[in-house]
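One-based numbering, in listed order, for ligands and for the atoms of each. Hydrogens, waters and symmetry mates play no part in the numbers below; they use all other heavy atoms, side chains included.
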Amino acid sequence: MYLNKEEEKMYDGTYGDTVRKSMEILVALGDIYGAENLVNITSAQISGVSYKTIGDAGLEYLQDLAAGQGLNSNPITKVPSTLNPAGTDLDNWETLGFSSEFSKKQNEIVDAYGMLGISKTCTCTPYLVGNVPRFKDHVAWSESSAVAYVNSVIGARTNREGGPSALAASICGKTPMYGYHLEKNRKASLLVELEVPIKGIDYGALGYMVGKEVGDGVPYFIFKNESTNTELKSLGAALASSGAVALYHVENQTPEYNNAGKNELIEDSNNIFITASDIKNTFENLTNSSKNEADLVCLGCPHASLEEIKEIADIVVNKKIKNDLWVCTSINVKAASDRMGYTKIIESAGGHIVCDTCMVVAPIEDMGYETIGVNSAKAANYVPTMCGLDVIFDDAKNLIKFEP
Ligand code: F3S
């Protein structure tokens, strides 16, 4: 792979060990995937944050990296970078019932990232909190739902990075030029046409169904109706969880649909036609619990926007919730929710706005819950495998139960 003079210095260790190690990761990746050169990025989003998933080995790796840079020295990262959700609410872990041992380790992980210069904003919807690339920007993001959103809805360019490669890219300000960074790989690979209009959590069910079929393909959706950004957020998260979709197009809606090569696919035998009963069947398959009430209703996968929090506040206003309720979001969106009065409404009804974490990367299996209610197909897909718990997939208004 071609390196310019500055990149060669980074690779040789002129700028220290942390930069050298990071360049080694990027060059190795570039060689594996046949990249001809590196490309400058404008932002990074880094997974591998929850203590539940990276454990002590991950914590030590990050602390070594931060120490190699010299603690309290200038941040080493070259571009604005944010973190994926952590395993706890970093501030309110005690109120929510997280163990102190887990929370201590979790805060150490986030502190190590902070020492490297990465913002301690832990969210899978960084595009809602200021980490917003422009159309055609090259970035290095690793959370799969955020990758699908930033490629498809914003039209920036990223591969599905792993945590270490996104971190290396953040430190070097570069990523290898292959995959979805190249225009030729951004064409659609099949058409997905819907028979009926859909709304709300139907998008998650659709994404789950299509992701299973298309793997790492690039679906081009032809909807009967316009979709909101929240619906596209759910669609991409589900596509990326049952499959490995990193990019999709929506006719008349997403920024690159016009150049996606639809006409060449019209006769393609892989095209999919989705009926109303396909959606209904997928809906049913996403629930694996025989119970009709969840102990914990956990909303906000991907992390909730202010509009989604308002919708939940509207459901619970002046009522008392029977189940536990978590609404997962970023600390930034919660601040806006506090100011709008939505947090107070939800807390008065007995629910919580939970920051920095989510139902999949938090250790909810150790917190006494058995059945989790979710309105996200991605969460319904992961909670049984990642947490070993039963799940009910439904609309928020059906999942939340009230005291008489
Ligand atoms: Fe985000 Fe957790 Fe869902 S990281 S996409 S809320 S599984």
Side-chain angles (χ1 to χ4, degrees), residues 45-54 82-90 96 98 106 109-110 113 121-129 131 141-153 158 160-163 166 201 203-205 207-208 211 229-246 286 296-305 308-309 312 325-334 352-365 369 372-389 391 393 396 399:
Q45 192 271 348
I46 298 157
S47 64
V49 182
S50 171
Y51 180 61
K52 171 172 159 176
T53 53
I54 70 168
T82 52
L83 294 172
N84 218 29
T88 59
D89 183 314
L90 298 176
L96 292 162
F98 290 94
Q106 185 59 71
I109 289 172
V110 173
Y113 277 120
T121 304
C122 301
T123 184
C124 49
T125 54
Y127 44 87
L128 297 178
V129 299
N131 187 353
W141 285 24
S142 51
E143 156 55 34
S144 65
S145 68
V147 165
Y149 192 94
V150 80
N151 266 328
S152 314
V153 182
T158 182
R160 279 172 62 126
E161 299 293 342
I201 68 170
Y203 278 83
Y208 177 79
N229 282 355
T230 298
E231 289 166 337
L232 295 183
K233 168 163 88 78
S234 304
L235 173 70
L239 283 167
S241 75
S242 62
V245 173
L286 282 165
L296 171 66
V297 175
C298 211
L299 310 172
C301 170
H303 271 178
S305 63
E308 289 175 279
I309 295 177
I312 297 161
L325 170 67
W326 286 10
V327 182
C328 299
T329 191
S330 61
I331 188 85
N332 316 52
V333 170
K334 177 173 181 288
H352 298 278
I353 306 279
V354 176
C355 298
D356 314 311
T357 188
C358 79
M359 65 296 277
V360 170
V361 294
I364 52 172
E365 61 278 19
Y369 297 116
I372 311 301
V374 297
N375 62 354
S376 153
K378 173 174 177 174
N381 187 19
Y382 283 174
V383 163
T385 48
M386 296 273 294
C387 310
L389 301 176
V391 78
F393 173 71
L399 291 169

*Does the shortest distance from atom 2 (Fe) of ligand 1 to an N/O/S atom of C301 fall below 2.8 Å?*
no

*Verify the distance criterion only: is there a donor paired with an acceptor across the side chains of S305 and E308 at less than 3.5 Å?*
yes

Are any of the heavy atoms in [X] under 4.0 Å away from ligand 1?
| X | answer |
| --- | --- |
| A379 | no |
| C328 | no |
| S376 | no |

Exercise: identify the closest heavy-atom pair between [X] and [Y]:
| X | Y | answer |
| --- | --- | --- |
| H303 | C124 | N-SG, 3.3 Å |
| L286 | V391 | O-CG1, 3.5 Å |
| W141 | V147 | O-CG2, 3.3 Å |
| Y113 | G48 | OH-O, 2.7 Å |
| P126 | T82 | CB-OG1, 3.5 Å |
| A362 | F98 | CB-CE2, 3.8 Å |

*T53 side chain to V49 main-chain N or O, any donor-acceptor pair under 3.5 Å?*
no

_atom 4 (S) of ligand 1: nearest protein contact (heavy atom, Å)_ = P85 CG, 3.5 Å

_Top protein contact for atom 1 (Fe) of ligand 1, by heavy-atom distance_ = C124 SG, 2.3 Å

Please list, in number order, the atoms of ligand 1 under 4.0 Å from a heavy atom of [X].
| X | answer |
| --- | --- |
| G300 | 6 (S) |
| C358 | 2 (Fe), 4 (S), 6 (S), 7 (S) |
| K378 | 5 (S), 7 (S) |
| S145 | 5 (S) |
| V360 | 7 (S) |

